[in-house]
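See structure below.
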Amino acid sequence: MSRAFPQLDAALEAAILAGARGRGAARAEAFEAVFEALRAPVFALCLHLTGDRHDAEDAVQEVFLAVHRALPGFRGEAGIATWVYRIALRAALRQRARRRPSEAVDPETPAHRGGEADLAARDEARRVQAAVADLPAEHRAVLSLFAVEGLGHRQIAEILGVPEGTVWSRLHAARKRLAEAMGR
Amino acid sequence: MPGCADFEIAIDMRAHGALGDAEREALERHLSSCDRCRAYQVAAAETERLMQGAASEALGQVDWGWVRRYVRWSRLRFLSLAVSYAGLGIAAVFWLAHFPTNPAQARWTTAIAIVVAFIYGRWSGFGLFGHLWRLNRLPEGRELVTSVREELAHRIRVVESGALALVALAAILGAAGLLGDERHRLVRLLGVAFILAVLAVTWFGKRRWLAREQAALDGAMGRRQP
């Protein structure tokens, strides 16, 4: 996933926080800046966590509604991106339960462009996504965060609220569990 | 002497730029002679590549205009909620100013007004505001996934204890309804029926919903593959 979206550096974050505490157009611009910078990685995170594009879209809507409501009062204890990812994690982890058990989850797969190799890749991506979405929340969360481009291990530890060492051991356990689930 | 598990963790750390030079060299030496760790390295890279590829493809299909509209419309819901609460307040003041002098009419209208206001306030206010409040109130200095689990368990306990309180209230009202005159009995039995209906919705709806969310956190949802 190419980083075609603006990065939230310190200067932009400060401008966003100042604008969010303003009124009218300034507040709208602040939210729009957060939305533009984070919508793609937030969607990716929600997709990995829920395993379904429609569930991921529902979760993304909730995330940005919550961000819109709370941005004016955000005190900046953590970075804006960390804060938004924490909301996304919370929203997406619980989103899956809203699907009725009888409804089959259909994870998005790469579009079929032709050829047996692409078909195999599509099926493999589907299997991986379905297997990830069925893992316990701790494993699902760490695997999904590491699959989001641009997120470093320190930021992941901050998002999860665990030490960096725990992040690595949990990632390893998650990969082992995923391999078992996929019969490898 | 580190085992394969330690080197597998080192593989993940190197892939994400968190490994020092000395550790990297040790890892390279180990990989040159360990098929299992090389297989882990390949599988880990492939998993991330597939996940990122799936996200890239799905990203192109998202209607971001709809997401923006959803946020705008939801803001209007908050405004309409505030307007409707203000309207309820004005209606209550107007009703109190023209309080029915007939005691029987007063009891019926009071009961109906309380029921309607409770249902509306509960569903509209606590539903939407409560949900966003919980999403935004993230614990500081605590593990996020654990706090989600604890919050769900707490909400299930609240629902269960609320159900017990509702059963007790229904029992008291039912017993009181069997006493007294015909008119009082009818009102109280209607109250019991309403409480039992709320209990059913809470127990079989809300509690079941929360229990399913707990199961989803444990990866125990169970799903049919497409």
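The sequence lines fix the lettering, A, B, ..., with proteins before strands; numbering per chain opens at 1. We use all heavy atoms of the structure for the numbers below, so side chains are in, but hydrogens, waters and symmetry mates are not.
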Is chain B contacted by the side chain of [X], its backbone, both, or neither, given a heavy-atom distance below 4.5 Å?
X: Arg170(A); result: side chain
X: Phe74(A); result: neither
X: Arg154(A); result: neither
X: Glu57(A); result: side chain
X: Glu32(A); result: side chain
X: Val167(A); result: neither

[X] side, atom [atom1]; [Y] side, atom [atom2] - distance, nearest 0.5 Å:
X: Trp73(B); Y: Leu65(A); atom1: CH2; atom2: CG; result: 13.5 Å
X: Met13(B); Y: Leu171(A); atom1: CE; atom2: CG; result: 10.5 Å
X: Glu213(B); Y: Leu93(A); atom1: CD; atom2: CG; result: 10.0 Å
X: Asp123(A); Y: Leu50(B); atom1: CG; atom2: CG; result: 11.0 Å
X: Thr47(B); Y: Met182(A); atom1: OG1; atom2: CE; result: 6.5 Å

Pairing of Glu149(A) and Arg49(B) as salt bridge, 4.0 angstrom limit: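 Between Arg49(B) and Glu149(A) there is no salt bridge, as every charged N stays at least 4.0 Å from the carboxylate O atoms.
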
Residue from Asp12(B), Val148(B), Val71(B), Val145(B) scoring the most non-hydrogen pairs under 4.5 Å with chain A is Asp12(B)

Please classify the contact between [X] and chain A as side chain, backbone, both or neither, with a heavy-atom cut-off of under 4.5 Å.
X: Ile11(B); answer: neither
X: Ala5(B); answer: both
X: Arg72(B); answer: neither

Indicate the atoms forming the closest heavy-atom contact of [X] with [Y], along with that distance.
X: Ser147(B); Y: Arg90(A); value: OG-NH1, 4.2 Å
X: Ala147(A); Y: Met51(B); value: CB-CE, 3.7 Å
X: Ala58(B); Y: Leu47(A); value: CB-CD2, 3.7 Å
X: His153(A); Y: Ala18(B); value: CE1-CB, 3.4 Å

Tell me, yes or no, whether the heavy-atom count around Arg208(B) atom CZ, taken from other residues, nucleotides or ligands under 6.0 Å, exceeds 12.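 No, CZ of Arg208(B) has 12 or fewer neighbouring heavy atoms, counting only those of other groups under 6.0 Å.
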
Test item: [X] and [Y] side chains (from C-beta on) under 4.5 Å apart, heavy atoms:
X: Arg53(A); Y: Gln61(B); answer: yes
X: Gln61(A); Y: Trp66(B); answer: yes
X: Gln214(B); Y: Arg94(A); answer: no
X: Arg175(A); Y: Glu8(B); answer: no
X: Glu143(B); Y: Leu160(A); answer: no
X: Phe35(A); Y: Trp64(B); answer: yes

Sub-6.0 Å ring centroid separation between His172(A) and Tyr40(B): yes

When the ring planes of His16(B) and Trp168(A) are compared, do they come out parallel, tilted or perpendicular, using 30° and 60° as the limits? tilted

Can you check salt bridge (Lys or Arg N to Asp or Glu O under 4.0 Å) on Glu36(A) and Arg68(B), steps first, answer last? CA-CA 11 Å; Glu36(A) 277 301 312; Arg68(B) 281 192 175 88; 2.6 Å; yes

